[in-house]
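Comments concern the structure below.
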Amino acid sequence: MAADPCIQVEHVSKRFGKKIVIDDVSLNVHAGEIFGLLGPSGAGKTTLVRMIAGIDQASEGAVRVLGADMPELTTMKRIGFMAQSDALYGELTALENMQFFASIYGLRGKKKKERIDDMLELVNLADDRKKPVHQYSGGMKRRLSLAIALLHEPEVLILDEPTVGIDPVLRQSIWAELKQIQKRGTAIVVTTHIMDEAEKCGRLGMIRDGRLLAVGRPDELKSETKSQTLEQAFLHFGGVHQ
Ligand SMILES: Nc1ncnc2c1ncn2[C@@H]1O[C@H](COP(=O)(O)OP(=O)(O)OP(=O)(O)O)[C@@H](O)[C@H]1O
């Protein structure tokens with residue numbers, strides 16, 4: 001029998017006032033899977049991943065992560081979350097930011113130093129680690145946020161548009177690392193509106209106006225709609241027939 005999914009979203013809706021932002025969404029993500037949430041701006045991707053990360057609560061339905069009903073504090077520590085807006089301390093250097101978050105995650109001593117060094121290397125910030133973060137560019141802040149989300153080797157990794165403002169070369173190396181992390185059995189959710197990135201995901205959820213239009217492997221979604229590209233498939237599922 002297959003193991004339980006790491007992430008279970010069951011009939012989840014989210015309302016802000018009278019506005020329904022997520023409308024009856026259900027999906028599962030398994031260990032060792034990269035699940036992409038693809039959709040235009042305002043589709044509800046951030047709202048959905050914030051509920052999975054336990055930062056927001058669903059108005060209806062259930063979100064379960066690693067067997068726990070979210071939000072749940074102990075489970076949140078097993079999740080790496082990279083938000084769209086960077087939660088960094090501008091006055092501190094990159095290294096000090098890393099040290100701060102590493103301590104919160106419970107990393108100590110040699111392990112802490114090793115993880116910080118490795119992650120700074122991964123995101124190509126080792127040479128800038130002593131610069132205060134307020135002097136960083138937008139792309140550098142994104143890279144630092146990613147390094148922080150990966151610090152404690154979380155079992156579930158949630159990345160909200162991780163490669164915005166990151167150049168194509170580094171984007172490739174970040175995707176290569178995500179594939180490595182996936183191989184270790186981590187469940188990864190990544191939001192994007194970049195079709196090229198969506199192609200790299202094992203499965204995709206296409207989301208628009210808070211509704212999940214379709215879920216499947218990129219090749220399945222294309223063949224099901226007789227589309228050459230994911231963009232065409234998306235339009236098809238969204239009811240636009242060319
Ligand atoms: N706290 C809030 N209060 C009211 N409305 C909100 C709140 N957060 C999000 N929304 C609304 O929910 C909708 C979905 O927003 P969300 O940020 O989840 O979309 P998104 O797909 O992540 O978009 P983007 O790619 O631009 O980040 C938008 O219409 C947004 O205005």
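Since the structure is predicted, the reported quantities are computational estimates derived from the model, not experimental observations. Indexing begins at 1, ligand by ligand and atom by atom, following the structure's order.
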Would Glu220 and Arg203 pass as an ion pair if we require N to O under 4.0 Å? no
Write out the protein residues near ligand 1, meaning a non-hydrogen atom under 4.0 Å from one of its atoms, in order of chain and number. Phe16, Lys19, Val21, Pro40, Ser41, Gly42, Ala43, Gly44, Lys45, Thr46, Thr47, Gln84, Glu161
Looking only at side chains, do Thr192 and Lys45 share a donor and an acceptor under 3.5 Å apart? no
Rounded distance (nearest 0.5 Å) linking atom CD1 of Ile148 with atom CZ of Arg115: 13.0 Å
Side chain to side chain donor-acceptor pair (under 3.5 Å) filter on Asp56, not counting sequence neighbours, yields Arg50
Are the side chain of Glu197 and the backbone of Ile194 linked by a donor-acceptor contact shorter than 3.5 Å? no
N/O donor-acceptor pair under 3.5 Å between Asp209 side chain and Arg211 backbone: no
